[in-house]
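A short write-up of the structure that comes next.
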Amino acid sequence: MVKNKFVADYQINTSRKLLFPYLSTASGLSEWFADDVTINGDKTFLFEYDGEKHYARVTALRKDMHVKFEYFDPENSEEQDKSFIEFKLEENELTQTLFLKVIDYSDSYDDEELESIWEGLIINLKEIIGG
């Protein structure tokens, strides 16, 4: 299946330190991103949404800056072109405005659908953090 790379920036009115745990921890992500998120003993994240389970590993992490989750199928270790979600916090140095860059590389939806999904998710996140 052909993958689609969706990239969007969202202005968030909060600090990096407050926002980053919502992007990088199971408890934070389960508040806005998925129905439930857990971590097992080998640091594999288990995302559950719409009744489906999705396994992911953190493949990049820079505290208060950047986190990348690479999805994988535990039944198919040969998979090459893996889906991922990446969150980057970027600050406009002139205005001191914080932006959340979302990079969603997946084979599920087209850009229009992904834009709608992410708009809804970011609204939820902003309501939780007050940003």
Side-chain angles (χ1 to χ4, degrees):
M1 196 175 263
V2 175
K3 297 227 189 292
N4 180 34
K5 187 175 187 177
F6 173 80
V7 180
D9 290 300
Y10 303 95
Q11 183 176 335
I12 310 273
N13 299 320
T14 191
S15 71
R16 290 174 183 270
K17 288 184 187 229
L18 182 77
L19 180 58
F20 196 71
Y22 287 96
L23 307 176
S24 60
T25 67
S27 60
L29 287 161
S30 64
E31 287 193 48
W32 69 279
F33 181 68
D35 298 331
D36 191 31
V37 182
T38 54
I39 302 175
N40 67 19
D42 68 354
K43 300 201 181 194
T44 297
F45 280 70
L46 179 59
F47 293 90
E48 191 171 330
Y49 25 78
D50 300 332
E52 290 184 30
K53 294 181 180 187
H54 303 272
Y55 295 86
R57 288 187 190 89
V58 173
T59 56
L61 177 69
R62 187 166 170 213
K63 188 172 173 19
D64 296 335
M65 300 287 286
H66 171 244
V67 64
K68 179 179 179 182
F69 295 94
E70 189 174 85
Y71 290 92
F72 67 95
D73 180 352
E75 308 289 316
N76 178 9
S77 60
E78 300 298 312
E79 184 183 12
Q80 295 295 313
D81 191 22
K82 295 181 174 134
S83 297
F84 65 84
I85 300 280
E86 194 167 4
F87 300 116
K88 293 182 177 185
L89 296 178
E90 299 174 346
E91 198 167 336
N92 180 316
E93 294 189 22
L94 224 48
T95 62
Q96 303 298 305
T97 308
L98 187 66
F99 290 90
L100 170 59
K101 180 184 285 281
V102 173
I103 303 168
D104 182 341
Y105 183 69
S106 61
D107 52 17
S108 302
Y109 304 98
D110 65 26
D111 276 352
E112 225 171 82
E113 286 176 293
L114 282 169
E115 189 173 329
S116 175
I117 289 167
W118 279 107
E119 287 288 333
L121 289 170
I122 298 301
I123 288 169
N124 292 344
L125 176 62
K126 286 181 175 183
E127 285 175 0
I128 291 166
I129 62 169

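In what follows, residues are counted from 1 in the order of the sequence shown. Just so you know, these numbers use all the heavy atoms, side chains as well, and skip hydrogens, waters and symmetry mates.
Residues Met65 and Leu98 fall into different hydrophobic clusters, defined by Ile, Leu, Val, Met, Phe, Trp and Tyr side chains chained together at heavy-atom separations under 4.5 Å. By the rule that hydrophobic residues join a cluster once side-chain heavy atoms approach within less than 4.5 Å of another member, Phe84 and Phe6 end up as members of separate clusters. Under the 4.5 Å side-chain heavy-atom criterion for grouping Ile, Leu, Val, Met, Phe, Trp and Tyr, Leu125 is connected to Tyr49 within one hydrophobic cluster. Leu23 and Ile123 are assigned to two separate hydrophobic clusters, defined by single-linkage of ILVMFWY side chains at heavy-atom distances under 4.5 Å. Under the 4.5 Å side-chain heavy-atom criterion for Ile, Leu, Val, Met, Phe, Trp and Tyr, Ile103 and Leu121 are members of distinct hydrophobic clusters.
Looking at every heavy atom in both residues, Ser106 comes nearest to Ser83 through CA-OG, 3.6 Å. The heavy-atom pair separating Ala60 from His66 by the smallest distance is CB-CE1, 3.5 Å. Across every non-hydrogen atom of Thr95 and Asn92, the tightest pair is N-OD1, 3.1 Å. Taking every heavy atom of both residues into account, Phe47 and Ala56 meet most closely at CE1-CB, 3.6 Å. Between Lys3 and Lys82, the shortest heavy-atom contact is CE-C, 3.8 Å. Nearest approach of Phe45 to Ala26, heavy atoms of both residues: CE2-N, 3.9 Å.
Of the residues Trp118, Phe87, Tyr22, the one that meets the side chain to side chain contact (heavy atoms under 4.5 Å, CB included) test with Leu100 is Phe87.
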Kindly indicate, with the supporting measurements, whether the criterion side-chain contact (heavy atoms from CB on, under 4.5 Å) is fulfilled by Tyr10 and Glu119.
CA-CA 9 Å; Tyr10 303 95; Glu119 287 288 333; 3.5 Å; yes
Step-by-step side-chain contact (heavy atoms from CB on, under 4.5 Å) determination, Phe20 to Thr14
CA-CA 10 Å; Phe20 196 71; Thr14 191; over 6 Å; no
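Counting non-hydrogen atoms of neighbouring residues, nucleotides and ligands closer than 6.0 angstrom, the CD atom of Gln96 exceeds 12 such neighbours.
Contact check for Val37 versus Thr25: no side-chain heavy atoms found under the 4.5 Å cut-off.
Side-chain contact, Gln11 with Asp9: no donor N or O sits under 3.5 Å from an acceptor N or O.
Distance check, rounded to the nearest 0.5 Å: CD1 of Ile129 to CG of Leu19 gives 5.0 Å.
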